[in-house]
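Have a look at the structure below, then the notes.
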Amino acid sequence: MSIFKSADILIPQNIDFTKWSVVACDQYTSEPQYWEDVKSIADDSPSALNIIFPEVYLEDGGAEERIKKINAVMEEYLSSGLFRQIDDSFIYVKRTQPNGKTRHGIVGALDLEEYDFRKGSQSKIRATEGTIIERIPPRQRIRKNAPLESPHILMLMDDREKSVVEPLENMTDNFEKAYDFDLMKGSGHITGYIVNETAKRNILEAIERLGDKDAFEKKYGVKDKGVLVFAAGDGNHSLATAKTCWEEIKKGLTDEEIKTHPARFALVELMNIHDDALEFEPIQRVIFDTEPKKLLDALASYYNASYEDNGGQRIDYTYGANEGSIYITETSSNLPVGTLQKFLDKYLAENGGRIDYIHGNDVVKNLAGRENTIGFMVDSMEKNDLFTTVIKDGSLPRKTFSMGEAADKRFYLECKKIR
């Protein structure tokens, strides 16, 4: 069985797609106004906003009632004929970002039996960064009784020959267009095509070649390592939640039922890390409810760091009217973000405070202008180092990189039944 397969994909019909499609739930978590704007745009129209739980609201209370309402709306959407089901298919996606660049992907189903997010995993599908186990239970409660899923998960493959996604661009005249519309709040444009049988076979055959062990060992110069075919780019914790739920579900199934149960397969978008439009952006840190100077002094002391450039890892900071850089030679990670995160985990556990992970230096500086708040900024890693690093060293520190800015994230659009 292929680790990535076609699926019975649900697409809403006879609706305003701009109102339907909303950004990933884990974006703009410190900007509630963004989500208020989304609510206003969606109005009373059918919208994916009504079947997701934006994380900006996680601390507001009433979570269980909100989850019940989400499940009820899912059932209503399914029973009302809102969706058109496209049987046994892939969707070829072209997403034009706000910067004008267009990235390309394929929506299909990932086999969760081939995925393991645990540290040291040698599975064909892996996490790229450390999974925060505590983040899974809240998501698990949302997914547990849900009849369908809609993905914001972006999976990556290291397809240097551009054999899987890229050939589809020359075949679109033979595909049926599934949707074509502007995304809300200036987030660009998206077009989706239902691939034909010829393209479907080509996709599966090309992925099979990526999984060849001899070719894998030659590509990365390794021996006795598990073949890594796909790595989670965005939505790592959502995929880990799907896996956790599936492990619970399959305990009550027969061997035959396990083979075909819809919850075994998670709907994702697969893309090539070598897509020209794909850019890795750093994920920055903002600490709230803390004493900025005390925290900064503790960071300098912890690593015997310098405020003068000594050739070490550079971490920029900002709080109030203060901006500067700190340089660390006695590092705890190959990446500045890992060095910073190790300290922050320890400091916050001992001193309190709240951390948020932010896209965009301007947003960091704006938030860090608040009282009792400090922001940290680092440079991004090179995307071409990702697969080699995960294969040789294991998963990266959590929240190491982001695939683009917040507005570039995958928007909820397609759905799939999971029970």
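What's counted below: heavy atoms across the whole structure, side chains too, no hydrogens, waters or symmetry copies. Along the sequence shown, residues carry numbers from 1.
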Fill in: Residues forming a salt bridge (charged side-chain N to carboxylate O under 4.0 Å, His left out) with Lys346, sequence neighbours excluded
Glu350
Review item, side-chain donor-acceptor pairs of residues 55-63, under 3.5 Å, at least two apart:
unit_1 : atom_1 : unit_2 : atom_2 : d
Glu55  : OE2    : Arg139 : NH2    : 2.4
Tyr57  : OH     : Glu36  : OE2    : 3.1

Worksheet entry | Ser45: partners by side chain to side chain contact (heavy atoms under 4.5 Å, CB included), with sequence neighbours left out | Lys19
Practice prompt. Scan residues 146-166 for pairs that pass salt bridge (charged side-chain N to carboxylate O under 4.0 Å, His left out), counting only residues two or more places apart or in two chains.
Written response: Arg143-Glu149, Glu149-Lys416, Asp158-Arg160, Lys162-Asp276
Worksheet entry | Ring center gap for Trp20 and Phe411 short of 6.0 angstrom | no
Worksheet item: Among side-chain atoms of Tyr92 and Glu169, is any donor-acceptor pair under 3.5 angstrom?
Response: yes
Discussion item. Holding to side chain to side chain contact (heavy atoms under 4.5 Å, CB included), I want the full list of residues that pass it with Thr373, two or more places apart in sequence or in another chain.
Written reply: Val286, Phe288, Arg370
Expected list for residues 383-391: side-chain donor-acceptor pairs under 3.5 angstrom, two or more places apart:
unit_1 : atom_1 : unit_2 : atom_2 : d
Lys383 : NZ     : Ile273 : O      : 3.1
Lys383 : NZ     : Asp275 : O      : 3.0
Lys383 : NZ     : Leu278 : O      : 2.9
Thr389 : OG1    : Asp385 : O      : 2.7

Worksheet item: Does a side chain donor of either Thr131 or Asn236 reach within less than 3.5 Å of an acceptor in the other side chain?
Response: yes
Worksheet item: Which pairs with one or both residues in residues 228-242 pass salt bridge (charged side-chain N to carboxylate O under 4.0 Å, His left out), sequence neighbours excluded?
Response: Asp234-Lys409
Practice prompt. Consider only side-chain N and O atoms of Gln33 and Asp37, and report whether a donor and an acceptor are under 3.5 Å apart.
Written response: yes
Discussion item. Under the rule for ring-ring contact (aromatic ring centres under 6.0 Å, His included), what residues qualify as partners of His104, not counting sequence neighbours?
Written reply: none
Worksheet item: Phe376 and Tyr317: aromatic ring centres closer than 6.0 Å?
Response: no
Worksheet item: Do the rings of Tyr412 and His152 sit parallel, tilted or perpendicular, given the 30° and 60° boundaries?
Response: perpendicular
Item to complete: Establish, for the pair Lys5 and Phe265, whether the NZ or CZ atom is under 6.0 angstrom from the six-membered ring centre and no further than 45 degrees off its axis.
Response: yes
Fill in: Residues forming a side chain to side chain contact (heavy atoms under 4.5 Å, CB included) with Asp8, sequence neighbours excluded
Gln85, Asp87, Asp88
Discussion item. Once side chain to side chain contact (heavy atoms under 4.5 Å, CB included) is applied, do any residues pair with Val363, and if so which ones, sequence neighbours excluded?
Written reply: Glu31, Ile358, Leu367
Discussion item. Test: salt bridge (charged side-chain N to carboxylate O under 4.0 Å, His left out). Region: residues 308-337. Which pairs qualify, not counting sequence neighbours?
Written reply: Arg314-Asp316, Arg314-Asp379
Worksheet item: Just checking, is any N or O donor in the side chain of Gln27 or Tyr34 under 3.5 Å from an acceptor N or O on the other one?
Response: no
Worksheet item: Which pairs with one or both residues in residues 343-365 pass ring-ring contact (aromatic ring centres under 6.0 Å, His included), sequence neighbours excluded?
Response: Tyr302-Phe343, Phe343-Tyr347
